[in-house]
Novice: 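Below you will find the structure I want to go over with you.
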Amino acid sequence: MSGTDELPNEAWITALLSLPGLGPSRLSALLADDSASKIWQRMISGEAIRLDLVPQTTIDQWRSAARAMSVADHWGAIGGLGIAVSEYGSAGYPARLREDIEPPRVLFSLGDPMQAGPTVGIVGTRKCTSYGQRCAFELGAALAAAGVSVVSGLALGIDAAAHRGALSHSHGAAAPVIGVVGSGLDVIYPKRNAALWAEVASRGTLLSETPPGVGPEKWRFPARNRIIAGLCDAVIVVESHERGGSLLTVDEAQTRDVPVGAVPGPITSNAATGSNRLLVDGATPVLDVSDVLALICHSPPQAVSGDREDVSSELLDALGWTPLSFEQLSERISLSASQIAAELERLVSEGLCARSGPWIERVR
């Protein structure tokens with residue numbers, strides 16, 4: 001083991017996870033038998049390794065890949081990317097996952113360490129409608145403004161819309177966002193979300209249990225969903241097809257007794273079949289951000305009275321006495337989308353404004 005004696009345990013675990021097709025379940029099975037460094041030495045020495053349901057050809061592939069890898073160089077390259085690695089039980093490991101029923105053995109992260117505070121997962125279909133996209137954006141914006149961190153998977157569609165909403169708030173003024181992805185943090189997927197990945201990392205935290213350099217594989221995303229559920233005080237579904245992947249996140253949430261809410265959608269929309277079914281089955285209906293805040297028992301911090309009055313006055317003046325959509329109102333006012341969403345909820349609760357479908361109307 002010359003040259004590797006000083007490597008931390010995380011380096012050996014990361015090396016094992018970088019072998020082809022070696023995921024969290026197989027890692028747990030291997031580590032039940034020996035330490036990560038000793039398993040690695042058994043890999044390269046040819047000593048027998050047997051795992052239930054893992055064919056010998058796969059183990060032979062692991063041996064070949066291990067013999068071609070320098071663990072020290074691999075570990076150094078990860079540090080060069082600025083990616084932090086935290087093993088289960090270490091100081092840097094997210095507190096919310098320490099008591100999880102299936103915690104990742106290691107987590108890779110970019111950005112700031114996760115902060116204590118309320119968190120809500122917003123998930124849904126990649127093939128969303130404009131209605132679903134708007135709902136996800138507005139919920140993300142309003143939750144961030146209320147001091148709630150939005151957690152999602154950075155996929156196309158609902159995930160991206162929710163994070164864009166949360167990031168629409170002015171810098172430093174909203175709760176940090178959290179993205180949980182199914183590939184290495186240096187392997188952006190989908191590539192269309194590259195700018196969004198960078199912004200999440202700069203204004204929050206990117207997490208993955210997949211080592212750097214490893215691309216997305218279909219089986220990694222259901223595994224990723226359990227982390228989203230484990231990090232959240234509640235999971236909200238905004239549009240899901242009948243067999244949508246977001247329903248797997250719901251399953252993980254329910255296994256952990258995490259409350260589930262869903263945004264109602266048109267009964268004629270295939271994109272809302274799964275989410276509407278959740279409502280039939282007992283999920284909490286989410287009509288606006290106040291429903292989510294009630295679900296997690298969170299009261300947003302109160303604004304300074306003078307500032308709040310100025311915001312209310314500006315918004316009511318911009319709204320006038322003609323019903324407007326959220327987008328139309330946003331074009332008339334200098335406030336950020338999250339400020340508008342948060343203030344609208346307060347004005348609705350006070351009876352000054354009302355919502356009717358996509359329309360916002362001043363009442364008095």
Novice: Check whether any side-chain heavy atom of Leu143 sits under 4.5 Å from a side-chain heavy atom of Ile236, and report yes or no.
Specialist: no
Novice: Say whether, by atom type as modelled, one donor and one acceptor occur between the side chain of Asp233 and the main chain of Val120 under 3.5 angstrom.
Specialist: no
Novice: Between NE2 of His241 and CZ of Arg277, what distance do you get to the nearest 0.5 Å?
Specialist: 15.5 Å
Novice: Side chains of Ser149 and Gln115: any donor to acceptor distance under 3.5 Å?
Specialist: no
Novice: Using modelled atom types only, decide if a donor and an acceptor are shared between the side chain of Arg126 and the backbone of Gly157 within a distance under 3.5 Å.
Specialist: no
Novice: Quick one: does Arg220's side chain have a donor or acceptor within less than 3.5 Å of a partner on Thr210's backbone?
Specialist: no
Novice: Assigning hydrophobic clusters by single linkage (Ile, Leu, Val, Met, Phe, Trp, Tyr; side-chain heavy-atom cutoff under 4.5 Å), is Leu19 placed with Trp12?
Specialist: yes
Novice: Quick one: side chain to side chain contact (heavy atoms under 4.5 Å, CB included) partners of Pro190, sequence neighbours excluded?
Specialist: Leu156, Asn193
Novice: Are Leu27 and Phe108 connected, step by step, through hydrophobic side chains (Ile, Leu, Val, Met, Phe, Trp, Tyr) whose heavy atoms are closer than 4.5 Å?
Specialist: yes
Novice: Rounded to the nearest 0.5 Å, what separates atom CD in Glu239 from atom CG in Asn270?
Specialist: 10.5 Å
Novice: Aromatic rings Tyr93 and Tyr88: how do their planes relate, parallel, tilted or perpendicular, breaks at 30° and 60°?
Specialist: perpendicular
Novice: Check each of Arg50, Lys38, Arg42 against Asp33 using the side chain to side chain donor-acceptor pair (under 3.5 Å) test, and report the only one that passes.
Specialist: Arg42
Novice: Ignoring hydrogens and angles, tell me if any N or O in the side chain of Arg63 forms a donor-acceptor pair with the backbone of Met43 under 3.5 Å.
Specialist: yes
Novice: Check whether any side-chain heavy atom of Leu231 lies under 4.5 Å from a side-chain heavy atom of Met114, and answer yes or no.
Specialist: yes
Novice: Checking the side chain of Asn276 only, and the main-chain atoms of Gly265 only, is there a donor and an acceptor separated by less than 3.5 Å?
Specialist: yes
Novice: Check whether Thr205 reaches the backbone of Asp112 with its side chain - one donor and one acceptor, N or O, closer than 3.5 Å.
Specialist: yes
